[in-house]
Amino acid sequence: MNAGPIDRIQENLLARAERQLLNRLCACMPRWMVPDILTAIGMFGAFVIFSGYILSNLGDGWLWISIAGYFIHWFGDSMDGSLARYRKIERPRYGYFLDHSCDGLATTLVVVGIGLSRYVQLEVALVALAGYLLLSIHAFLLVRVLDEMKLSYAYAGPTELRVLLIVLTLAMIAAGSQPILLGILTWFDLIVGAIGALLIAFFVIQTLKTAKRLAIEEPPRRN
């Protein structure tokens, strides 16, 4: 990471309301609750989500465990950095490294869990995972080359994605896993595949835009 200040760019739809809620929660946190504990809670939530999707192979009702896991994961993942900033106890390099490492593992658990359920083919889920990780790589690169931390794309960030996945999981409970295409693909295969394709498209578009900006700011040297 660069030594200078990093601009946090957060333009997702729920950002303002979420920030107000997080500030209130920070004010209520007991002193023994520290960011590392919240990070662990977030990871626990990811394992709960994964477990719910795996157990859903036994019946749709197990998906309620995954839905509960999304709330646990949101609480831990959103509160760890918020509490550090609220108490002014940030550790920028440590926090950046640990937070994004956990995000990568948590996202993998969630998406692979979906792919191991009976609602979505694993190959389709992995396309969505690739798209998300590509956008994550783009965000990490922006920190290095532009001193910007981009937390949302197309007015959507991690919280909006969790809401979408909760709605998708509720739809799984309601609709079941009946194939509708080629005898194996469900509606959820099509939805998750489309999300993956959009994420990859966003990555390509954002890469081209950033490369164009950098080419202007850093023209080739002439001997």
(request) Please check if atom CD in Glu218 has more than 12 non-hydrogen atoms from other residues, nucleotides or ligands closer than 6.0 Å. (result) no
(request) Compare every heavy atom of Ile72 with every heavy atom of Gly45, then report the nearest pair and how far apart it is. (result) CA-CG2, 3.6 Å
(message) Would the distance check show the side chain of Thr107 and the main-chain N or O of Gly104 forming a donor-acceptor pair, the cut-off being under 3.5 Å?
(response) no
(request) List the steps and the verdict of side chain to side chain donor-acceptor pair (under 3.5 Å) for Thr186 and Asp189. (result) CA-CA 5 Å; Thr186 67; Asp189 284 304; 3.3 Å; yes
(message) Treating Asn57 as the side-chain partner and Arg118 as the backbone partner, does any N or O pair qualify as donor plus acceptor under 3.5 Å?
(response) yes
(request) Locate the shortest heavy-atom distance separating Phe188 from Ala175; write the atom from each residue and the value. (result) CZ-CB, 4.1 Å
(request) Examine Tyr70 and Val48 and state if one hydrophobic cluster contains both, with Ile, Leu, Val, Met, Phe, Trp and Tyr joined whenever side-chain heavy atoms are less than 4.5 Å apart. (result) no
(request) Starting at NZ of Lys88, measure out to CG of Leu83 and round the result to the nearest 0.5 Å. (result) 12.5 Å
(message) Can you give me the closest heavy-atom contact between Ala125 and Gly115, atom names plus distance?
(response) CB-CA, 3.6 Å
(message) How about CH2 on Trp74, more than 12 heavy atoms from neighbouring residues, nucleotides or ligands closer than 6.0 Å, or not?
(response) yes
(request) Locate the shortest heavy-atom distance separating Arg19 from Ser82; write the atom from each residue and the value. (result) NH1-OG, 3.3 Å
(request) Write down the atom of Arg87, the atom of Met33, and the distance for their closest heavy-atom approach. (result) NH1-O, 2.8 Å
(request) Answer whether the closest heavy-atom distance between the side chains of Leu146 and Glu217 falls below 4.5 Å. (result) yes
(message) A side-chain contact here means heavy atoms from C-beta on lying under 4.5 Å apart; do Asp36 and Arg91 qualify?
(response) yes
(message) Looking at Phe71, I'd like to know if its CZ atom is crowded, meaning that more than 12 non-hydrogen atoms belonging to other residues, nucleotides or ligands lie closer than 6.0 Å.
(response) no
(request) Mark yes or no for whether Ser66, through its side chain, and Tyr53, through its backbone, hold a donor-acceptor pair below 3.5 Å. (result) yes
(request) Indicate yes or no: at least one non-hydrogen side-chain atom of Leu199 is less than 4.5 angstrom from one of Phe203. (result) no
(message) Taking Leu98's backbone N and O only, do any of them form a donor-acceptor pair with Ser101's side chain (distance below 3.5 Å, no angle check)?
(response) no
(request) Determine whether Ile41 and Leu38 make a side-chain contact, defined as any pair of heavy atoms from C-beta on separated by less than 4.5 Å. (result) yes
(message) Can you confirm whether Ile49 sits close enough to Leu165 that some side-chain heavy atom of one is under 4.5 Å from a side-chain heavy atom of the other?
(response) no
(message) Could you tell me if the side chain of Arg213 sits less than 4.5 Å from the side chain of Ile216, heavy atoms only?
(response) no
(message) Main chain of Tyr86, side chain of Asn23: is a donor-acceptor contact present, judged purely on distance under 3.5 Å?
(response) no
(message) Please give me the minimum heavy-atom distance between Phe50 and Leu109, naming the atom from each residue.
(response) CD1-O, 3.1 Å
(message) Side chains of Asp99 and Thr39, heavy atoms from C-beta outward: is any pair under 4.5 Å?
(response) no
(request) Please check if any side-chain donor atom of Tyr119 sits under 3.5 Å from a side-chain acceptor atom of Thr169, or the reverse. (result) no
